[in-house]
Amino acid sequence: MSKRSIKITMSAVLAAAALTTTAPANAVSAKGPLTDVRIATHFNLSAGQMPENIALLPDGTADVTFATSRQVAQVNPGGTTRILATLPAPADGGVNTPVLGFALATGIVRTSDGTVYVLYATGTADLTGLWRLRPGRAPQRIAALPASGLPNGLALDGHGKRLYITDSVLGTVWTVPVTGGTPTAWSTAPQLARAGFLGANGAKVHRGALWVTNLDRGTLLRIPIRSGNRAGAPQVKASGLAGIDDFAFTGRGDEILAALNGPNTVVRVKSDGTSATVLDATDGLQNPTSIALRGNDVYVLSAAYTTATDPNLLRARLSDHR
């Protein structure tokens, strides 16, 4: 699929998502508490390097997925990018990938032993699913997911033994052991459903719950993880976040930084659900997709899906004050 076609498709998706939500009444515009904001790395748009998701190593190196090039890459602290793996292309080129019409690498997590897990959506039964990357080995699919869905967000539990996967088309959270196998539908709550385009999106495990965003509905959900790994009833923790993609907890209770893709902003959402803009296009954002934190170091990926200008990795510092 051409970059122009990708831009048109993503523009339609993100514009529609923005129309399904409205800004919260208590939202404000502010440019704190992030300091030392800078673009650390520029990616190659012509090579399809549209960064979708991020996982950090202890030294500040970032593992990232490049959505449209189907690649997993590593960006070192100096900003140099190295391709780790390219996932196999579907025979039909990915034209049957639900909603988007192109194959894409999405969520990524990394375990303490250096194993990387990546989600891949292709619209084909032979490739869609959870893939594992180990040093010196070829990528291997370890769990198949429905070709009719779009696996997107990926979260690792606190014990490093289980993964949670959001499906943005089927409105489902799947769970599977890190060893792979047949996924289990963990939650199909209506709050996960899409409203025409993409629903359940970003995912993180935090304080005994799986937290999930819904792009179409502009919501942040908390789903308790009950005994026996059962899903509790989702609770809406914040709303009015048009185009919300992935997010990261700041270490200050339930406060998060969230990427709003279509609106081209990053917002801080406090534990009470109030939000404020902390980054925007003037800082270099180009359709931000995901965020990671290492201490007070903030990493923001921008995919340039609709701006089609400068996919990049932005770095900043989070100040200690609230």
Side-chain angles (χ1 to χ4, degrees), residues 6 9-10 13-14 16-17 50-55 63-72 87 90 94 96-109 116-124 127-131 141 143-156 163-176 183 185-189 191-205 210-221 223 234 241 243-248 258-262 287-292 301-303 305:
I6 291 170
T9 300
M10 294 302 297
V13 171
L14 298 175
M50 296 175 169
E52 173 64 22
N53 208 235
I54 184 170
D63 286 346
V64 304
T65 50
F66 287 144
T68 58
S69 64
R70 316 181 320 277
Q71 291 177 319
V72 180
L87 298 177
N96 290 311
T97 304
V99 178
L100 301 181
F102 60 91
L104 67 161
T106 54
I108 185 171
V109 299
V116 176
Y117 297 87
V118 176
L119 293 175
Y120 190 30
T122 68
T124 61
L127 296 176
T128 299
L130 174 69
W131 290 68
R141 189 175 72 159
L145 289 163
S148 59
L150 198 150
N152 199 338
L154 185 61
L156 180 68
L163 296 159
Y164 297 90
I165 300 164
T166 62
D167 191 308
S168 297
V169 169
L170 299 180
T172 298
V173 174
W174 303 95
T175 186
V176 64
W186 186 73
S187 178
T188 56
Q191 294 91 334
L192 301 170
R194 60 187 180 129
F197 292 93
L198 300 179
N201 199 314
K204 295 289 185 296
V205 174
L210 180 70
W211 296 63
V212 176
T213 63
N214 186 311
L215 186 143
D216 276 356
R217 301 176 188 274
T219 52
L220 173 68
L221 306 171
I223 309 176
L241 302 169
I244 189 170
D245 201 322
D246 206 359
F247 64 99
L260 306 191
N261 199 312
N287 303 132
T289 53
S290 55
I291 297 174
L301 289 180
S302 285
Y305 284 132

**Q** Once side-chain hydrogen bond (donor to acceptor under 3.5 Å, both in side chains) is applied, do any residues pair with T172, and if so which ones, sequence neighbours excluded?
**A** none
**Q** With sequence neighbours excluded, what pairs up with Y117 under the side-chain hydrogen bond (donor to acceptor under 3.5 Å, both in side chains) test?
**A** none
**Q** Closest heavy-atom contact between I291 and A248?
**A** O-CB, 3.5 Å
**Q** Taking the side chain from T106 and the backbone from P151, do they hold a donor-acceptor pair closer than 3.5 Å?
**A** yes
**Q** Nearest 0.5 Å, please: how far is CG in D167 from CG in L145?
**A** 7.5 Å
**Q** Would you give the length of the straight line joining atom CG of L154 to atom CG of L119, rounded to the nearest 0.5 angstrom?
**A** 4.5 Å
**Q** Answer whether the closest heavy-atom distance between the side chains of P146 and W174 falls below 4.5 Å.
**A** yes
**Q** Is the side chain of N214 donor-acceptor paired with the backbone N or O of A193 at a distance under 3.5 Å, no angle test?
**A** yes
**Q** Once you round to the nearest 0.5 Å, how far does CG of L150 lie from CG of L170?
**A** 9.0 Å
**Q** Taking only residues two or more places apart in sequence, or in another chain, which ones meet D246 in a side-chain contact (heavy atoms from CB on, under 4.5 Å)?
**A** N53, K204, S290
**Q** Give the intermediate values and the outcome of side-chain contact (heavy atoms from CB on, under 4.5 Å) for residues E52 and I108.
**A** CA-CA 9 Å; E52 173 64 22; I108 185 171; over 6 Å; no
**Q** Flag the pair L215 / F197 as yes when at least one side-chain heavy-atom distance between them is below 4.5 Å, and no otherwise.
**A** no
**Q** Using the ring-ring contact (aromatic ring centres under 6.0 Å, His included) criterion, which residues pair with F247? Sequence neighbours excluded.
**A** F249
**Q** Taking all non-hydrogen atoms of both residues, which atom of A203 and which atom of L210 are closest, and how far apart?
**A** CB-CD1, 4.2 Å
**Q** Using side-chain contact (heavy atoms from CB on, under 4.5 Å) as the criterion, list what pairs up with P98, not counting sequence neighbours.
**A** V169
**Q** Would you call T213 and T166 a side-chain contact if the rule is heavy atoms closer than 4.5 Å?
**A** no
**Q** Is it the case that the side chain of N287 and the backbone of S302 share a donor-acceptor pair, with hydrogens and angles ignored and the cut-off at 3.5 Å?
**A** no
**Q** Output the distance between atom CZ (F66) and atom CG (L87), rounded to the nearest 0.5 Å.
**A** 13.0 Å
**Q** For G94 and T97, work out which heavy atoms get closest and say how close.
**A** O-OG1, 2.8 Å
**Q** Applying side-chain hydrogen bond (donor to acceptor under 3.5 Å, both in side chains), name anything that partners S148, two or more places apart in sequence or on another chain.
**A** none
**Q** Between R194 and R217, which heavy-atom pair has the shortest distance, and what is it?
**A** O-NH2, 3.4 Å
**Q** How many angstroms lie between atom CD1 of I244 and atom CG of L220, to the nearest 0.5 angstrom?
**A** 5.5 Å
**Q** For Q71, check side-chain hydrogen bond (donor to acceptor under 3.5 Å, both in side chains) against everything at least two apart and list the hits.
**A** S69, T86
**Q** Quick check: closest heavy atoms across T122 and L127, and the distance to 0.1 Å?
**A** OG1-CB, 3.7 Å
**Q** Would you please name every residue forming a side-chain contact (heavy atoms from CB on, under 4.5 Å) with A303, sequence neighbours left out?
**A** M50, P51, T289, Y305
**Q** Can you list the residues that meet the side-chain contact (heavy atoms from CB on, under 4.5 Å) rule with A143, with sequence neighbours excluded?
**A** L130, V176, P183
**Q** What pair of heavy atoms forms the shortest contact from A200 to S168, and how long is it?
**A** O-OG, 2.5 Å
**Q** Checking the side chain of T128 only, and the main-chain atoms of A121 only, is there a donor and an acceptor separated by less than 3.5 Å?
**A** no
**Q** Can a donor-acceptor pair be found, under 3.5 Å and without considering hydrogens, that links the side chain of T175 to the backbone of L163?
**A** yes
**Q** Using the rule given for side-chain contact (heavy atoms from CB on, under 4.5 Å), can you reason through W186 versus I223, listing the C-alpha separation, both sets of side-chain angles and the distance that settles it, and then say yes or no?
**A** CA-CA 10 Å; W186 186 73; I223 309 176; 3.5 Å; yes
**Q** Within the distance-only criterion (no hydrogens, no angle test), does the side chain of D216 pair as donor or acceptor with the backbone N or O of L198 below 3.5 angstrom?
**A** yes
